[in-house]
Enquirer: 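The structure follows.
Fair warning: this is a prediction, and the values are worked out from it, not measured in the lab. Chain naming here is simple, since letters A, B, ... match the order of the sequence lines and numbering starts at 1 in each.
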Number of protein chains: 2
Amino acid sequence: MNNSLRPTTRDAIIEASFEILSRDPSAPLSDVADRAGVGRATLHRYFASRDDLVRALAMIAMEETEAAAEEACSDVSSYAEALEQTLKALIPLGDRHGFLALEPFDGDDDVDAAYARQMTEIRDMVDQAKQEGFFDLGVPTAWIAQAFDYLIYAGWESVKAGEATHQQAADLAWRTLTIGLGSK
Amino acid sequence: MNNSLRPTTRDAIIEASFEILSRDPSAPLSDVADRAGVGRATLHRYFASRDDLVRALAMIAMEETEAAAEEACSDVSSYAEALEQTLKALIPLGDRHGFLALEPFDGDDDVDAAYARQMTEIRDMVDQAKQEGFFDLGVPTAWIAQAFDYLIYAGWESVKAGEATHQQAADLAWRTLTIGLGSK
DNA sequence: CTCAAATGAGACATATATGTCTCATGAACA
DNA sequence: TGTTCATGAGACATATATGTCTCATTTGAG
């Protein structure tokens, strides 16, 4: 018995999809099915078409991202701390981020809307952190958000390469964003 | 008359390839040919197969990267300054970087060797800059190189989005790497 | 103007990925 | 034991990208 309706096969497909498609967005679905330990026909029973699968993955990636960020900010006393916790929470979701970044999206409305909303949230948090005196007011918010985003992905790559733990990568990324890597 | 052998058509194909394939590595060659303003058959006259084209692009991307970096370091008095000039020189080559990063490489030996050599060069420069007292010795070289790489790409995206000039993006990326974005 | 080389348009065969379908198998369960 | 349901294997038709080829047109040098 499972808590949600027949989870394992579907979840295996989804997880395999992230692993495969976040590296090669045009990989054949047979590769995905193989990785999931599932027949190609079964994959099509859960996701009628490649488009269906990709759309589902995009929504899942964004829901997970949003949930992780919200959870990370639940017990926080400043916007700067909220950003720090968000960064830490998002590094383990690097393959989701990679998937969203690499997939050449046609422009599904739901996906686009969710993406725009998340971007806005990050920028708002950065603006608030600026108001708290945490970031230099002279640096454009857009750049801070951009650097935030890319340093998260750099951290994930670093973890994936075995060069750091999640915690170490998060600390390094946050340090880079805030005080840089120069000597004192 | 052209200084090198029949340049324009080949160059148009190469430039179009970087534009198209750095966004969607699986885009059909007909799209590339269209963007280059060239027939699909002509593209195949210059590059027999998709593999030929991709390999050529990879080598070009790395030669250009190497040349730009070397040129940038020609008149420099420290390793830190060399890194700063390299960063500035590489931002306009963002589509080359994007191509190399996104293309799922099979593992052409020449390409792999050139890539490994460039990684080593960057790490060496970072190590030397550490010895100069420029970077914090407690931060792993691998992370500094990683952040260097990703901030270059973030800068290129920022330029592409119209949010900054090349110079501004380079300044922001370098500042982020060295002293961060926090307020004083 | 004349000729040779480069090109564009398009036909063609081929390869690969996709989506559908059928059927046999095996596990869960009454 | 018998039944049901999810699955795997594989056949099949289809769509798309690829690479080759031909031929008419254009371009540029002489």
Side-chain angles (χ1 to χ4, degrees), chain A residues 1-60 98-99 102-108 111, chain B residues 1-60 98-99 102-108 111:
Chain A
M1 184 69 113
N2 292 296
N3 39 10
S4 71
L5 292 159
R6 60 186 67 81
T8 50
T9 299
R10 188 171 206 269
D11 289 352
I13 293 171
I14 289 171
E15 205 47 50
S17 297
F18 278 123
E19 290 172 20
I20 299 284
L21 299 183
S22 69
R23 294 186 173 281
D24 180 2
S26 65
L29 296 187
S30 52
D31 286 5
V32 174
D34 288 351
R35 173 68 70 98
V38 143
R40 203 167 61 88
T42 298
L43 189 152
H44 280 290
R45 286 187 189 104
Y46 285 89
F47 302 96
S49 71
R50 187 188 187 95
D51 252 34
D52 273 7
L53 174 62
V54 167
R55 253 192 299 275
L57 293 173
M59 292 309 294
I60 290 166
F99 170 80
L102 295 192
E103 195 68 31
F105 270 114
D106 343 70
D108 184 87
V111 174
Chain B
M1 187 66 117
N2 294 298
N3 38 10
S4 71
L5 292 160
R6 59 185 70 80
T8 50
T9 297
R10 189 169 204 270
D11 289 352
I13 292 171
I14 289 170
E15 205 47 49
S17 297
F18 278 123
E19 292 172 18
I20 299 285
L21 299 182
S22 69
R23 296 186 170 280
D24 180 2
S26 67
L29 296 187
S30 52
D31 286 6
V32 174
D34 287 351
R35 172 69 70 101
V38 144
R40 201 167 61 90
T42 299
L43 189 153
H44 279 289
R45 287 187 188 103
Y46 285 88
F47 303 95
S49 71
R50 188 189 187 93
D51 251 33
D52 274 8
L53 175 61
V54 167
R55 254 192 299 274
L57 293 173
M59 291 311 293
I60 290 167
F99 169 80
L102 296 193
E103 196 68 30
F105 270 112
D106 344 69
D108 183 270
V111 174

Enquirer: Search all heavy atoms of A:P25 against all heavy atoms of A:R50 and return the closest pair with its distance.
Expert: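 Shortest heavy-atom contact: O-NH2, 2.8 Å.
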
Enquirer: Just to confirm, is there a sub-4.0 Å distance from OP1 or OP2 of C:dT7 to any side-chain nitrogen or oxygen of B:T9?
Expert: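 For C:dT7, OP1/OP2 do have a side-chain N/O of B:T9 under 4.0 Å.
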
Enquirer: Specify the separation, in whole Å, of atom NE2 of A:H44 and atom P of D:dA6.
Expert: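 Whole-Å distance recorded here is 18 Å.
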
Enquirer: Out of curiosity, A:E15 CD to A:I20 CD1, how far, rounded to the nearest 0.5 Å?
Expert: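 Answer for the CD-CD1 pair, A:E15 versus A:I20, is 11.0 Å.
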
Enquirer: Rounded off to whole Å, could you give me the CG-to-C1' distance for the B:L43 and D:dT20 pair?
Expert: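 From B:L43 CG to D:dT20 C1': 14 Å.
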
Enquirer: Roughly how far, to the nearest 0.5 Å, is NE2 of B:H44 from CD1 of B:I13?
Expert: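 So the CD1 of B:I13 and the NE2 of B:H44 are separated by 10.0 Å.
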
Enquirer: Restricting to side-chain hydrogen bond (donor to acceptor under 3.5 Å, both in side chains), what partner residues turn up for B:R45, sequence neighbours left out?
Expert: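 B:R45: side-chain hydrogen bond (donor to acceptor under 3.5 Å, both in side chains) contacts with B:T42.
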
Enquirer: Would you indicate which nucleotide in D:dG8, C:dT7, D:dT18 comes nearest to any side-chain atom of B:Y46?
Expert: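 The nucleotide sitting nearest to the side chain is C:dT7.
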
Enquirer: Mind calculating the distance between CG (B:D51) and C1' (D:dA17) to the nearest angstrom?
Expert: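 Result: 14 Å.
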
Enquirer: Using the side-chain hydrogen bond (donor to acceptor under 3.5 Å, both in side chains) criterion, which residues pair with A:S49? Sequence neighbours excluded.
Expert: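 So A:S49 forms no side-chain hydrogen bond (donor to acceptor under 3.5 Å, both in side chains) with any residue.
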
Enquirer: Give every pair of a protein N or O atom and an N or O atom of nucleotides 10-14 of chain C that lie under 3.5 Å apart, one pair per line with the distance.
Expert:
none

Enquirer: Specify the separation, in whole Å, of atom CG of A:L29 and atom P of D:dA15.
Expert: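 Distance, rounded to whole Å: 18 Å.
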
Enquirer: In residues 19-27 of chain B, which residues come under 4.0 Å of DNA chain C by heavy atom?
Expert: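 DNA chain C contact set from residues 19-27 of chain B: none.
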
Enquirer: Is B:T42 close enough to C:dG8 that one of its side-chain N or O atoms is under 4.0 Å from OP1 or OP2 there?
Expert: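 Yes, because at least one side-chain N or O of B:T42 sits under 4.0 Å from OP1 or OP2 of C:dG8.
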
Enquirer: Identify every side-chain donor-acceptor pair in residues 27-37 of chain B under 3.5 Å, counting partners at least two apart or on other chains, and give the distances.
Expert:
residue	atom	partner	partner atom	Å
B:R35	NH1	B:E19	OE1	2.3

Enquirer: Taking CG from B:D34 and P from D:dA17, how many angstroms apart are they, rounded to a whole number?
Expert: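 So the CG-P distance, B:D34 to D:dA17, works out to 12 Å.
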
Enquirer: Atom CZ of B:R50 and atom C1' of C:dT16: how far apart are they, to the nearest Å?
Expert: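 Atom CZ in B:R50 sits about 13 Å away from atom C1' in C:dT16.
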
Enquirer: List for me each residue that meets side-chain contact (heavy atoms from CB on, under 4.5 Å) alongside A:L57, sequence neighbours excluded, and say none if there are none.
Expert: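 For A:L57 the side-chain contact (heavy atoms from CB on, under 4.5 Å) partners, ignoring immediate neighbours, are A:I14, A:S17, A:F18, A:L21, A:L53, A:F99.
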
Enquirer: Test of understanding: with side-chain hydrogen bond (donor to acceptor under 3.5 Å, both in side chains), list the residues that count as partners of B:S22, not counting sequence neighbours.
Expert: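 Listed in chain order: nothing, the list is empty.
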
Enquirer: Among all residues two or more places apart in sequence or in another chain, which pass the salt bridge (charged side-chain N to carboxylate O under 4.0 Å, His left out) test with A:D52?
Expert: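 Partners of A:D52 under the salt bridge (charged side-chain N to carboxylate O under 4.0 Å, His left out) test: A:R55.
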
Enquirer: Does any N or O donor sit under 3.5 Å from an N or O acceptor when you compare the side chain of A:R45 with the base of D:dG8?
Expert: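 Such a pair is found, so the answer is yes.
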
Enquirer: So which one's nearest nucleotide on DNA chain D is more toward 5', B:S49 or A:V38?
Expert: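 Final value for this comparison: A:V38.
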
